[in-house]
Trainee: 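Supplied in structure tokens, the structure appears directly below.
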Amino acid sequence: MMNFQHIHLPSIRPLTTAHLAQTMTLLGLTAMELRQKIEDELAKNPALELIEGRYCPNCNRPLANSGPCPECFRRQNESSDEPIIFISPRDDFIIPGSAVPDNENPFDELIAEYQDLSSYVLQQIATEIAPEDRVLAVHILTSLDEDGLLPVPIIEIASYHHVPVSRVEKIIHLIQHADPIGVGSPSPQEALRVQLQVLAENHPVPPMAEKAIETGLDLIGRRQYHELARKLGISVNEIKVISNFISQNLNPFPARAFWGEVHLPPSKLQDAYYHPDIIISLLNQNEDGPLVIEVISPLSGKLQVNPEFRKAISSAPTNKTEQWQNDLEKASLLVKCIQQRNHTIIRMMHEIAARQKEFILKGDTHLLPTTRASVAENLALHESTISRAVSNKTVQLPNRKIIPLAKFFDRSLHIRAELLNIIAQETKPLTDTEIADILKKRGYKVARRTVAKYRSIEGIMPAHLRARFSRQQHKTVPVVIHAI
DNA sequence: CTATGGCACGGATT
DNA sequence: AATCCGTGCCATAG
């Protein structure tokens with residue numbers, strides 16, 4: 001049923017245990033980790049060679065420019081509505097917002113040139129700032145770091161332009177309330193505080209959340225709920241609600257697409273955001289067309305066993321032959337394993353895309369609960385293979401949000417999304433039992449107790465605490481700022 | 001008496 | 001084998 005004949009990849013033969021072991025290891029790596037690994041190997045193994053330049057990783061033809069191989073692309077495009085899927089070398093990502101222009105240059109030109117975070121924000125606030133403050137705004141915006149925070153002290157900006165600090169502060173205030181909310185804040189705390197305030201205008205927020213952010217963000221980060229609870233004089237559970245709420249609804253780094261549920265060390269998290277492992281987009285922005293799936297290969301050159309080395313091995317000095325032989329084997333093994341990895345990921349993404357196209361296009365409510373095991377079964381792979389392939393990886397969706405690949409396997413996401421809908425539309429605060437009933441009517445059979453759990457996961461407070469907020473008019477503010 | 005959270009159990013998933 | 005998740009039961013708060 002699936003046709004991969006157009007993708008030229010090595011056939012799958014019985015593997016040696018070494019082969020298997022390494023394939024497994026590589027499969028669990030993110031694109032960026034793989035890149036590191038390859039660089040390490042290149043450095044210490046003379047038998048391995050990277051030919052610089054652009055080659056199609058699927059058919060090995062040289063390519064004129066970056067992006068997909070036109071030949072492979074065309075061939076797949078012919079086969080109707082199947083997803084178009086290929087390995088895509090991308091070592092030169094430019095992420096919107098990460099480019100920090102040199103602010104020596106004339107500002108307006110820069111703005112025109114960079115379609116990035118700075119100009120995006122400036123467009124929003126342009127009409128609200130006095131012309132003479134424009135330079136200030138641009139200075140601030142071009143000084144933002146890649147997280148959307150302002151690393152420069154306000155005083156410095158003020159004295160540079162010989163204006164009072166209060167005037168700079170006023171502009172920062174404006175910037176902070178543009179989308180993404182909190183951008184331009186001097187610290188994560190500040191960004192969270194602004195987001196919380198804006199959110200509180202239209203939605204219930206947990207009591208004491210602001211206090212918690214101010215006094216104990218680091219404690220929340222380290223999950224030391226007990227200590228914070230003591231400090232604020234509230235229960236540990238309330239802290240948990242606050243913590244959930246923050247990670248679900250707020251974003252300490254306004255320029256980043258997601259934060260929270262993924263508990264990776266900061267450096268890994270950053271990599272995950274800037275370098276997704278897979279990119280899904282639409283062909284010509286057409287919602288009815290096939291999905292285009294790029295499996296990122298972190299190096300653009302061609303990785304191969306150095307033919308010179310292979311030849312030279314017969315004339316190796318006798319005390320080195322064993323060493324060289326060893327290098328040669330390891331090199332060819334690595335190359336094979338990387339191909340194997342790509343092949344597996346491609347097959348898996350093909351399967352996932354076929355099952356979850358609705359979710360990819362329309363969002364959380366359309367996720368079909370799926371297990372890794374069932375995908376494994378369909379592809380005749382072992383469950384642990386899929387587990388490896390899924391873990392730690394991130395996907396960029398057509399809406400440019402980057403999510404963990406594991407989200408495709410969330411058992412309850414669609415129900416939680418529906419629950420979010422219900423609560424967003426409620427006129428009076430609904431109790432858990434009532435929500436459970438509504439969900440049941442809509443085809444989701446869940447126990448009342450489970451509704452409570454979902455609420456907690458989503459950082460939503462119990463009915464009696466939602467009460468006093470609920471009559472507020474609903475502006476068109478999304479319930480969840482940086483969900484997905 | 002009602003709504004909700006804590007704990008713990010068992011089955012599914014990794 | 002270890003972990004995650006949905007659920008039932010019970011205690012507690014309002």
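Numbers restart at 1 for each chain; the letters A, B, ... are given by sequence-line order, proteins then strands. Keep in mind it's a predicted model, so treat the numbers as computed, not measured.
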Trainee: So, A:T215 side chain and A:K211 main chain: donor-acceptor pair closer than 3.5 Å or not?
Mentor: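 Judged by distance alone, yes, a pair lies under 3.5 Å.
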
Trainee: Hey, which of these two, A:D432 or A:A373, hits DNA chain B nearer its 5' end, going by closest nucleotide?
Mentor: A:D432

Trainee: With heavy atoms under 4.0 Å as the rule, sort A:R388 into base, sugar-phosphate or nothing.
Mentor: nothing

Trainee: Please report the distance, rounded to the nearest Å, between CZ in A:R372 and P in B:dT13.
Mentor: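 Answer to the nearest Å: 11 Å.
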
Trainee: More than 12 non-hydrogen atoms from neighbouring residues, nucleotides or ligands closer than 6.0 Å to NZ on A:K302, yes or no?
Mentor: yes

Trainee: Please confirm whether the ring centroid of A:Y444 lies under 6.0 Å from the ring centroid of A:H414.
Mentor: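 Between A:Y444 and A:H414, the centre distance is under 6.0 Å.
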
Trainee: Please give me the minimum heavy-atom distance between A:I278 and A:I296, naming the atom from each residue.
Mentor: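 Residues A:I278 and A:I296, closest heavy atoms: N-CG1, 4.1 Å.
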
Trainee: How does each nucleotide of nucleotides 1-14 of chain C score, in 5' to 3' order, for protein heavy atoms under 4.0 Å: base (B), sugar-phosphate only (S), or none (-)?
Mentor: ----SSBBB-----

Trainee: Return the value, rounded to whole Å, for the distance between atom CD of A:E377 and atom P of B:dT13.
Mentor: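 Whole-Å distance recorded here is 12 Å.
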
Trainee: Please step through side chain to side chain donor-acceptor pair (under 3.5 Å) for the pair A:E418 and A:T365, ending with a clear verdict.
Mentor: CA-CA 6 Å; A:E418 195 60 47; A:T365 27; 5.6 Å; no

Trainee: Expressed as a whole number of angstroms, how long is the span from A:M24:CE to B:dT14:P?
Mentor: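 Going from A:M24 (CE) to B:dT14 (P), I get 15 Å.
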
Trainee: With distance as the sole test, does A:S187 use its side chain to make a donor-acceptor pair with the main-chain N or O of A:E190 at under 3.5 Å?
Mentor: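 It does hold such a pair.
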
